[in-house]
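To start, the structure itself, in structure tokens.
What you see is a predicted model, and the numbers here were worked out from it, not measured in a lab.
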Amino acid sequence: METTGVKFLGNQLSFCRPHCDLRWTNIRTPFESWDRSNLIYSKKDERFYLLAPGGKYLCSWDLNFKKDNKPKFLELVLHNIPNLPSSLWKRLDSLCREDHWVESPSGESFLVKWYKFAHVLRIHTSRVMVFREEDTICGKRNMRYTEDIGDLCIFISKGEDICVEARSNKLKPNSILLNGRLFATINNTNNTFGCYEYPEGTPDKIPYSPYWFPPFSS
């Protein structure tokens, strides 16, 4: 059964089953502020997922949200964390970080951590880390750091995060595209990135649209 979910600013979620429900079902999440998390639907699990603030827990709702609107919590346990110098970890901890949950066309899930800093009305990327889902045991979902996501390309933005097959869409495999106050591409193999600069003479304050259009077929 087709179900639509919408996340609003703050802690409200709204679900609806088109051609079945007469109105939307509104749900209050356990957290007052959840502005940086994006709601996604997993076709594999048939559940809606939302990262909790801090990126340490994954909340989910099944399609029977009318009967029980309390989320199911899964703890995200990170493995194989990069062995970086303590000075670099200290720097990363001082930066702004966004956590994103995304699912590939085959049903594989990834946790993407985007570290960034602001400078003179511009956002700069410092590092991106990707963790691949391994298994779920006793309420804990094990995630392993990886520098190889295979023939996939991940799109990160303020809207719905997207993961598509790379070569069939004429994209570079094992890459991440970021869209926010900057537009950049990340090579996940060596964590190098290329940033697309604004043209010369661009005003400091310009409208921007930090969203990717989801893939569709005609």
Practice prompt. Apply the test side-chain contact (heavy atoms from CB on, under 4.5 Å) to residues E103 and Y41: give CA-CA distance (whole Å), side-chain angles for both, the deciding distance (0.1 Å), then the verdict.
Written response: CA-CA 9 Å; E103 184 175 285; Y41 177 71; over 6 Å; no
Worksheet item: Rounded to the nearest 0.5 Å, how far apart are CG of L95 and CH2 of W114?
Response: 12.5 Å
Discussion item. My understanding is that only residues two or more places apart in sequence, or in another chain, count here; which of them pass side chain to side chain contact (heavy atoms under 4.5 Å, CB included) with K140?
Written reply: E75, V77
Worksheet item: Any donor-acceptor pair under 3.5 Å linking the side chain of N174 with the backbone of I149?
Response: yes
Worksheet item: Given the rule in the side-chain contact (heavy atoms from CB on, under 4.5 Å) test, do V130 and I176 qualify, once you have shown the distances and angles that lead to the verdict?
Response: CA-CA 10 Å; V130 181; I176 302 167; 3.4 Å; yes
Fill in: Approximate separation, where rounding is to 0.5 Å, of L84 CG and R127 CZ
5.0 Å
Discussion item. Among residues at least two apart in sequence or on other chains, which ones pass salt bridge (Lys or Arg N to Asp or Glu O under 4.0 Å) with D45?
Written reply: none
Worksheet item: Can S42 and R47 be counted as having a side-chain donor-acceptor contact under 3.5 angstrom?
Response: no
Discussion item. Quick one: does any side-chain atom of R97 pair with a main-chain N or O of G54 as donor and acceptor, under 3.5 Å?
Written reply: yes
Fill in: Residues E98, K116: salt bridge by 4.0 Å N-O rule
yes
Fill in: Option passing side-chain contact (heavy atoms from CB on, under 4.5 Å) with V164 (candidates L171, D151, L152, I154)
L171
Worksheet item: If you measure from OG1 on T185 to CG on L177, what distance do you get to the nearest 0.5 Å?
Response: 6.0 Å
Worksheet item: Between atom CZ of R144 and atom CD of E133, what is the distance when rounded to the nearest 0.5 Å?
Response: 13.0 Å
Discussion item. Ignoring hydrogens, what is the shortest heavy-atom contact between L92 and Y115? Give both atom names and the distance.
Written reply: O-CD2, 3.5 Å
Discussion item. Nearest 0.5 angstrom please: I186 CD1 to I156 CD1, how far?
Written reply: 10.5 Å
Fill in: Pairs where residues 137-173 contributes a residue and the test ring-ring contact (aromatic ring centres under 6.0 Å, His included) is met, not counting sequence neighbours
F131-Y145, F155-W212
Discussion item. How long is the straight-line distance from CG of N187 back to CD of E147, given to the nearest 0.5 Å?
Written reply: 10.0 Å
Worksheet item: Considering all heavy atoms of both residues, which atom of L50 and which atom of L39 are nearest to each other, and what is their separation?
Response: CD1-N, 3.5 Å
Item to complete: Please lay out, stage by stage, how W101 and I40 fare under the test side-chain contact (heavy atoms from CB on, under 4.5 Å).
Response: CA-CA 8 Å; W101 187 261; I40 75 158; 3.3 Å; yes
Practice prompt. For residues P105 and C163, report the shortest heavy-atom separation together with the two atoms involved.
Written response: CD-O, 3.4 Å
Item to complete: Take D99 and M129 through the test side-chain contact (heavy atoms from CB on, under 4.5 Å) and record every step on the way to the result.
Response: CA-CA 10 Å; D99 298 310; M129 295 185 184; over 6 Å; no
Discussion item. Does any part of the side chain of R132, heavy atoms only, come nearer than 4.5 Å to the side chain of E108, both counted from C-beta?
Written reply: yes
Worksheet item: What heavy-atom pair brings P82 and W89 nearest, and what distance separates the two atoms?
Response: O-CZ2, 3.4 Å
Response to the item:
L58 and L76 have their tightest heavy-atom pair at CB-CD2, 4.1 Å
